[in-house]
Amino acid sequence: MKKLEMLYSGKAKMVFKTDDPDVYVIEYRDDATAFNGQKKGSYENKGILNNKIANIIFKEIEKHNVPTHLIEEISDRETVVKKVEIIPLEVIIRNVAAGSFSKRYGVPEGTALKCTILEFSYKNDELNDPLINDYHAMALSIATREELDEISEMAFKINEIITEIFKKINLRLIDFKIEFGKTSDGKIILADEISPDTCRLWEIGTDEKMDKDRFRRDMGGFMEAYNEVYKRLSETAF
Ligand code: UDP
């Protein structure tokens, strides 16, 4: 397999074509962004940590029979993945109130929720990823009813799997964002990444934040937290 030209450059990673039409290579950069790119930084080794963290988690998700784009990690920053067309939905699961949910509904961060929340945002930077519901998604031809049902079922299952993974390394999964893609034969699989960039992770016992909120909120110890998450994941047998 040969890496060819870059297809797309996102906020934290790049996507490359390969000589295999069904395969891409993703490369994680050290960039950190927040608030739709308004806040920017670069942190040494962040790309390496997210690549390795995401791959440990995706491997575990695969073991539980949820299909993902992961094929193989080929270097510290590069992973070979199945080619998909990303469905322009940010699928968010919330186990505990935090972030934009706390702000929007006036609920203090850390408040327990009566049920797990599934939320969709329309992935569109120009519009600032607006919150949408199932009907918006269907009306805008983003996904069909059947696809939304499949995505929702997979998202709840992924929540169960990764809640357990993080519990084993003493972290509480507060919320996270995932993205799905469609393969050339129409199958929906988990794509993008799962990392401290896309999850809120609080230390069990102290509620210390071990995720991108340390960057968003200028709390310091940003890379130390990512290093610690990676260290614990790599030292744990799941
Ligand atoms: N999230 C993400 N990318 C986004 C928006 C949110 O990875 O573009 C993640 C975020 O890290 C958090 C969860 O999704 O774990 C819920 O985020 P929220 O809606 O509270 O938005 P935020 O407060 O991060 O703006």
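Counting starts at 1 for both ligands and their atoms, in listed order. The analysis underlying the following values was restricted to heavy atoms, covering all of them including side chains, and did not include hydrogens, waters or symmetry mates.
Residue Lys82 qualifies as enclosed at atom NZ: its count of foreign heavy atoms under 6.0 Å is above 12.
Under the rule for a side chain to side chain contact (heavy atoms under 4.5 Å, CB included), Lys103 has no partner lying at least two apart in sequence or in another chain. With sequence neighbours excluded, the residues that form a ring-ring contact (aromatic ring centres under 6.0 Å, His included) with Phe58 are His69.
For ligand 1, the atoms closer than 4.0 angstrom to any heavy atom of Glu90 are 4 (C), 5 (C), 8 (O). Residue Asp197 approaches ligand 1 through these ligand atoms, each under 4.0 Å from one of its heavy atoms: 7 (O), 11 (O). Residue-ligand proximity, Asp175 to ligand 1, at heavy-atom distances under 4.0 Å covers atoms 12 (C), 13 (C), 15 (O), 16 (C). Heavy-atom contacts of Ser100 reach the following atoms of ligand 1: 18 (P), 19 (O), 20 (O), 21 (O), 23 (O) (cutoff under 4.0 Å). Listed by number with element, the atoms of ligand 1 under 4.0 Å from a non-hydrogen atom of Gly99 are 20 (O), 23 (O). Within ligand 1, counting atoms from 1 as listed, the ones closer than 4.0 Å to a heavy atom of Cys199 are 15 (O).
Within a 4.0 Å radius of atom 25 (O) of ligand 1, the protein contributes no heavy atom.
A distance of 6.0 Å or more separates the ring centres of Tyr230 and Tyr226.
With Phe215 as the aromatic partner, Lys39 meets the cation-pi criteria of under 6.0 angstrom to the ring centre and within 45 degrees of the ring axis.
Heavy-atom distances between Lys212 and ligand 1 stay at or above 4.0 Å for every pair. A heavy-atom separation below 4.0 Å is not found between Asp211 and ligand 1. Heavy-atom distances between Lys103 and ligand 1 stay at or above 4.0 Å for every pair.
Clustering ILVMFWY residues whenever any of their side-chain heavy atoms sit less than 4.5 angstrom apart, transitively, puts Ile56 in the very cluster that holds Met210.
By the 3.5 Å distance cut-off applied to N or O atoms, Glu119 is not counted among the residues near ligand 1.
Relative to atom 10 (C) of ligand 1, the option among Arg94, Lys11, Arg216, Arg104 with the closest non-hydrogen atom is Arg216.
Regarding atom 1 (N) of ligand 1, its nearest protein heavy-atom neighbour is Lys177 CB, 3.6 Å.
To the nearest 0.5 Å, the span separating CD1 on Ile162 from NZ on Lys167 amounts to 13.0 Å.
Looking at heavy atoms from C-beta onward, Lys2 lies out of side-chain contact with Thr18 at the 4.5 angstrom threshold.
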